[in-house]
> 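Right, I'll just put the structure down here and ask away after.
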Number of protein chains: 4
Amino acid sequence: MARPRTRSRVHEAVLALARDTPIGSMSMEGIAARAGVSKQTLYRTWPSVGAILFDALLARSVDEHGAVTVPDTGDLAGDLAALAEATVAELTDPLQEPLLRGVTAALQADRALAAQYRDLLLRPQLAGIADRLRRGGVDDPDDVAELFVGAILHRWLLRNGTFDRGWVRRHVARTLRGAGDSGVG
Amino acid sequence: MARPRTRSRVHEAVLALARDTPIGSMSMEGIAARAGVSKQTLYRTWPSVGAILFDALLARSVDEHGAVTVPDTGDLAGDLAALAEATVAELTDPLQEPLLRGVTAALQADRALAAQYRDLLLRPQLAGIADRLRRGGVDDPDDVAELFVGAILHRWLLRNGTFDRGWVRRHVARTLRGAGDSGVG
Amino acid sequence: MARPRTRSRVHEAVLALARDTPIGSMSMEGIAARAGVSKQTLYRTWPSVGAILFDALLARSVDEHGAVTVPDTGDLAGDLAALAEATVAELTDPLQEPLLRGVTAALQADRALAAQYRDLLLRPQLAGIADRLRRGGVDDPDDVAELFVGAILHRWLLRNGTFDRGWVRRHVARTLRGAGDSGVG
Amino acid sequence: MARPRTRSRVHEAVLALARDTPIGSMSMEGIAARAGVSKQTLYRTWPSVGAILFDALLARSVDEHGAVTVPDTGDLAGDLAALAEATVAELTDPLQEPLLRGVTAALQADRALAAQYRDLLLRPQLAGIADRLRRGGVDDPDDVAELFVGAILHRWLLRNGTFDRGWVRRHVARTLRGAGDSGVG
DNA sequence: AACTAACCGAGACGGTACGTCATGTCTTAGG
DNA sequence: CCTAAGACATGACGTACCGTCTCGGTTAGTT
């Protein structure tokens, strides 16, 4: 609904605020001020701060076009490790982390937003991973994808420790073992 | 700092509100009103809504005394399945779910609260599971516990589907396979 | 800054409260509620209860337009007596008295308000009286005006007795004698 | 009711606060803290901040024992001028002014306090002046005392200018002329 | 010397108000 | 016509005081 120009100004503002201020204190008012846009313009397009955060996230993904691009070199374990590293990098990137945490928090209270998030971001990402697993010969790729992503998210979301390289390698091995063995890649 | 009477009144109020109103709309003011307590009394003891939610959660765990009691019948797979069922029941219990989602959301923006949560609730729970796994002959019980819990949390938190009995059974099997085989229990 | 509609609603509210409740208990919150106006709207225009009281007083004076209209019949003593009676009537009018006491109290603690009061209300009133005195042939009209008003204010403000007709007559005579005698009117 | 030790500690606290902080912001809580006394102790003896201020004022007068001591040298005009100078000095003394303004403000909203003030401070002071005037041959000494004090109070209370020596001299002359001429002293 | 009051500090408590900020709606000008 | 600017009612924020209410400890005068 908003003009592309307005949209991008809002996205920039949101990213800037995510970098500079605590996530919890982001407000429609603050975003409007930072974007040099009136509050009304914001409300005309987005119903809440969470929705704006999500939209900014989405725009980022779409720009770089195509949610997760899972590598496929033929070496499944290696590819998964690379993917895990990339995911961890994204989750802990100082620019992205606040955004992601903000959206995750918003999801807990806003079912509509949760549905959008699931359909437009989460499912495509999981599907990408599942596809790679399937090509690697894994039998129940959807569930294994969940297993793979779940532990990473758990650790990140509940702030239960950091992600070192060793952990990632072991995690991949464990996940593949859980997958039932499976082929070589 | 607060008198026990006050504390329990606040906990009751918080539980009642969690049941009756959307989580996101819980406020210090609303809690005070519902508990028949003054705002200042709230602030004297808790710095935020999230802290109250967490305290209520903690009180619940402590009352029933001893965080997670992991069953130990000698049948590891069976015990894990029972534990998973119990966890899922808790996560989807209409009384507890809003509380848990509220706390999880708060953790994203409040590092101090996250640290408390980690030390007082999360770690003990994971340690309980890891102990059971260790007794079952699992080599790296901490990581496997994370794998076990991670997928459940991922599905619940991002609202990516429901938990049917079949899924739980398969999840346990997958986790144990990931554990490297392992003993019989 | 506030819209005229808002302004007048606030003035009405303040007058109503001054009539119905003890002055000391007037609050921004109470005024807002009575006026059907938000607190923010109040603060956007007035910094304190005292400022609102003063503004209401000012509006009253301005509406009836032209602060004090000192009578001039040629009979100075008579005119001063009439003026004194009018002043006393105003000071003891159940509707105005609380307002005036409230403002006077506020002046003691708020220098900015005191300056406004002096410039916009007090000085014009004294000047009006001084003019009449000057036309009556009084030499130092400003100081005599102060003498005239001072005793009245002293009695009223410190609640040191009432104002009967005899006292007023004698006060005028004394003041004029103090003026040095002077002309006839 | 309070022990003398407590009383004096409270008085000291009030004087210190009057010196250091804006009058309007004096509170029971603040006084208690400054005096190292509990709130309950305060309330047991004084019903309000105004009452404490007044009590401190009273204690000061009583300590130096005997409210106003009007000089009597035989030269009425000179004595009045000296008295006026002393009064002005007191009113503008940085230590006393805030106290006096605070009490005056409190009087406007508290009739009980006003009555106490009138009987214990104001009337004795006026009586002292009236006595001196009577001894000087003035006919209606009470009213003239009011005239004398009124203008000073008016100027001070409404912050309508300063008190220079010339003004005081002229004010005394004017007052005495108002007194009907009178004797020489 | 022991007893008995009254006085006292400390501070939790239910409240009211403070002054500020954000929400979502609506109105008013200006480009 | 769309927009920024911003007034507005609403309501929550976190803080400060209010006046009341225990709770123990400590002065003082009695006995």
Side-chain angles (χ1 to χ4, degrees), chain A residues 1-3 5-6 9 24-33 35-50, chain B residues 1-7 9-10 24-49 51, chain C residues 1-7 9-10 21 24-33 35-49 51, chain D residues 1-7 9-10 21 24-33 35-49 51:
Chain A
M1 208 179 204
R3 299 207 286 233
R5 171 73 189 281
T6 301
R9 282 215 281 174
S25 67
M26 214 176 297
S27 67
M28 293 297 255
E29 197 126 348
I31 296 169
V37 140
S38 86
K39 283 201 306 176
Q40 204 48 249
T41 299
L42 247 48
Y43 280 108
R44 221 176 284 125
T45 306
W46 299 276
S48 66
V49 173
Chain B
M1 211 177 206
R3 303 209 279 233
R5 170 73 189 279
T6 301
R7 237 181 120 91
R9 284 214 279 174
V10 169
S25 67
M26 213 177 297
S27 65
M28 290 299 254
E29 201 126 9
I31 295 169
R34 179 77 168 232
V37 140
S38 83
K39 281 203 305 176
Q40 199 54 35
T41 297
L42 247 46
Y43 281 108
R44 223 177 282 128
T45 305
W46 300 277
S48 67
V49 172
Chain C
M1 212 177 205
R3 303 209 277 234
R5 169 75 188 276
T6 300
R7 235 181 121 92
R9 284 213 280 174
V10 169
T21 64
S25 67
M26 214 177 296
S27 66
M28 291 299 254
E29 201 127 6
I31 295 169
V37 139
S38 83
K39 282 202 304 177
Q40 199 54 36
T41 298
L42 246 46
Y43 281 107
R44 221 177 283 125
T45 306
W46 299 276
S48 66
V49 172
Chain D
M1 209 174 203
R3 300 204 285 232
R5 170 75 188 280
T6 301
R7 242 178 110 95
R9 284 214 280 173
V10 168
T21 65
S25 67
M26 215 177 297
S27 65
M28 292 297 255
E29 198 127 352
I31 296 169
V37 139
S38 85
K39 283 202 304 176
Q40 201 51 248
T41 299
L42 247 47
Y43 280 108
R44 223 177 282 126
T45 306
W46 300 276
S48 66
V49 172

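All values below come from the heavy atoms of this structure, side chains included, with hydrogens, waters and symmetry mates left out.
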> Polar atoms only, N or O, under 3.5 Å: list the protein pairs with nucleotides 2-5 of chain F and their distances.
{"from": "F:dT3", "atom 1": "OP2", "to": "A:R44", "atom 2": "NH1", "distance (Å)": "3.1"}
{"from": "F:dA4", "atom 1": "OP2", "to": "A:T41", "atom 2": "OG1", "distance (Å)": "2.8"}

> Using whole Å, report how far CD1 of B:I31 lies from P of F:dG11.
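These atoms are roughly 18 Å apart.
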> Quick one: OG1 on D:T21 to CE on D:M26, what's the gap to the nearest 0.5 Å?
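Answer rounded to 0.5 Å: 5.0 Å.
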> I'd like the 5' and 3' limits of the part of DNA chain E contacted by chain C, with heavy-atom contacts below 4.0 Å.
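Answer, 5' to 3': E:dA17 to E:dC21.
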> Could you go through residues 39-47 of chain D and list every donor-acceptor pair under 3.5 Å that involves a side-chain atom there, pairing it with any protein atom two or more places apart or in another chain?
{"from": "D:K39", "atom 1": "NZ", "to": "D:E29", "atom 2": "OE1", "distance (Å)": "3.4"}
{"from": "D:T41", "atom 1": "OG1", "to": "D:S38", "atom 2": "OG", "distance (Å)": "3.2"}
{"from": "D:W46", "atom 1": "NE1", "to": "D:D55", "atom 2": "OD2", "distance (Å)": "3.1"}

> Send over the distance from C:E29 CD to F:dC18 P, rounded to a whole Å.
17 Å
> If you assign D:S25 and B:S25 each to the DNA chain F nucleotide with the nearest heavy atom, which residue ends up on the more 5' nucleotide?
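Per heavy-atom nearest nucleotide, the more 5' residue is B:S25.
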> Can you check the B:Y43 OH to F:dC17 P distance for me, whole Å?
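Interatomic distance, OH of B:Y43 to P of F:dC17: 18 Å.
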> Taking salt bridge (charged side-chain N to carboxylate O under 4.0 Å, His left out) as the definition, give me every residue that meets it alongside D:R9, ordered by chain and number, with sequence neighbours left out.
none
> Write down the distance between CE (B:M26) and C1' (F:dC13), rounded to a whole number of angstrom.
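In whole Å, F:dC13 C1' and B:M26 CE are 17 Å from each other.
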> Which atoms form the tightest heavy-atom contact between C:A35 and C:V10, and what is the distance?
CB-CA, 4.1 Å
